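This is a predicted model, so every value here is computed, not measured.
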Amino acid sequence: QLQLVESGGGLVQPGGSLRLSCAYTGDTLDYLAIGWFRQAPGKEREAVSCISSSGGSTNYADSVKGRFTISRDNAKNMVYLQMNSLKPEDTAIYYCAAEIFRYCAYNPRYWGQGTQVTVSS
């Protein structure tokens, strides 16, 4: 069983920063690619960023390139999403999701509960 728990969400002003964390636990933690997704009210779920199991490969949605940075610390079983220059359109519930695969998956099987990020003045 694989579990993921997000944290770090909150209310920030436009231009501000937040760092989201994803802690994962389970019996199968090797070759675990993890991505961040978000969903705003009335919108489809969007893939924000992902990182390969080794951390050697990362991907970003065009909407967040240059502003968000994904990273991981496998020794701590943690994945992070540093979000800078936040915009109101970044407001969404952010989910951490994982797949037992070396590289990012389009449809991860394991999901966290989500953490709310609200960007508003």
For this session: Apply side chain to side chain contact (heavy atoms under 4.5 Å, CB included) to Asn107 and Glu99, showing your working.
Result: CA-CA 8 Å; Asn107 297 297; Glu99 180 55 77; over 6 Å; no

Note: Ser17 and Ser85 closest approach over all heavy atoms is OG-N, 4.3 Å

Worksheet item: Do other residues, nucleotides or ligands put more than 12 heavy atoms under 6.0 Å from the OH atom of Tyr103?
Response: no

| request: Could you give me the CA-CA distance, side-chain angles and deciding distance for Val48 and Phe37, then say whether side chain to side chain contact (heavy atoms under 4.5 Å, CB included) is met? | output: CA-CA 5 Å; Val48 176; Phe37 297 76; 5.5 Å; no

Could you tell me whether the side chain of Ser71 reaches within less than 4.5 Å of the side chain of Gln82, counting heavy atoms only? no

_Evaluate Ser63 against Glu46 for side-chain hydrogen bond (donor to acceptor under 3.5 Å, both in side chains), listing each step before the verdict._
CA-CA 10 Å; Ser63 59; Glu46 176 188 17; 3.1 Å; yes

dist Tyr60:OH -> Phe68:CZ (nearest 0.5 Å) comes out at 10.5 Å

Pro88 side chain near Pro14 side chain, heavy-atom distance below 4.5 Å = yes

In this structure, OG of Ser7 is separated from OH of Tyr94 (nearest 0.5 Å) by 15.0 Å

Between Lys43 and Gln39, the two heavy atoms sitting closest are O-NE2, 3.2 Å

Output for pair (Thr118 OG1, Gln13 CD), nearest 0.5 Å, gives 13.0 Å

Looking only at heavy atoms, the pair that brings Leu20 and Gly9 closest together is CD2-N, 3.6 Å

Sorted by chain and number, sequence neighbours left out, side-chain contact (heavy atoms from CB on, under 4.5 Å) with Cys96 holds for Leu4, Glu6, Cys22, Ile34, Trp36

*asked:* Could you check whether Lys87 pairs with Asp90 (Lys NZ or Arg NE/NH1/NH2 to Asp/Glu carboxylate O, under 4.0 Å)?
replied: no

Heavy-atom closest pair (Ala92 atom, Ala40 atom, distance to 0.1 Å) is CB-N, 3.8 Å

#### Entry: Full working for side chain to side chain contact (heavy atoms under 4.5 Å, CB included) between Ile70 and Tyr80
CA-CA 6 Å; Ile70 191 170; Tyr80 307 98; over 6 Å; no

Looking only at heavy atoms, the pair that brings Asn74 and Asn77 closest together is O-OD1, 3.0 Å

Nearest heavy-atom approach of Val117 to Met83 is CG2-CE, 3.8 Å

message = Strictly distance-based, threshold 3.5 Å: is any side-chain N or O of Arg72 a donor or acceptor partner for the main-chain N or O of Ser52?
response = yes

Within the structure provided, determine whether Ile100 and Arg109 are in side-chain contact (heavy-atom separation under 4.5 Å).
yes

Answer yes or no for Arg38 and Tyr95: cation-pi contact, defined as NZ/CZ to six-membered ring centre under 6.0 Å and angle to ring axis within 45°. no

Exercise for review: Taking the side chain as every heavy atom from C-beta outward, state whether Tyr110 and Leu32 have any pair of such atoms under 4.5 Å apart.
Suggested key: no

Sorted by chain and residue number, the salt bridge (charged side-chain N to carboxylate O under 4.0 Å, His left out) partners of Arg102 (sequence neighbours excluded) come out as none

### Message
Between Ser120 and Leu11, is there a side-chain heavy-atom distance shorter than 4.5 Å?
### Response
yes

The reported gap from OG1 in Thr25 to CD in Gln3 (rounded to nearest 0.5 angstrom) is 5.0 Å

inquiry  = Between Val79 and Ile51, is there a side-chain heavy-atom distance shorter than 4.5 Å?
reply    = yes

Per side-chain contact (heavy atoms from CB on, under 4.5 Å), Leu18 is matched among Leu81, Leu86, Thr115 by Leu86

When rounded to the nearest 0.5 Å, the distance separating CD1 of Ile93 from CZ of Arg45 is 9.5 Å

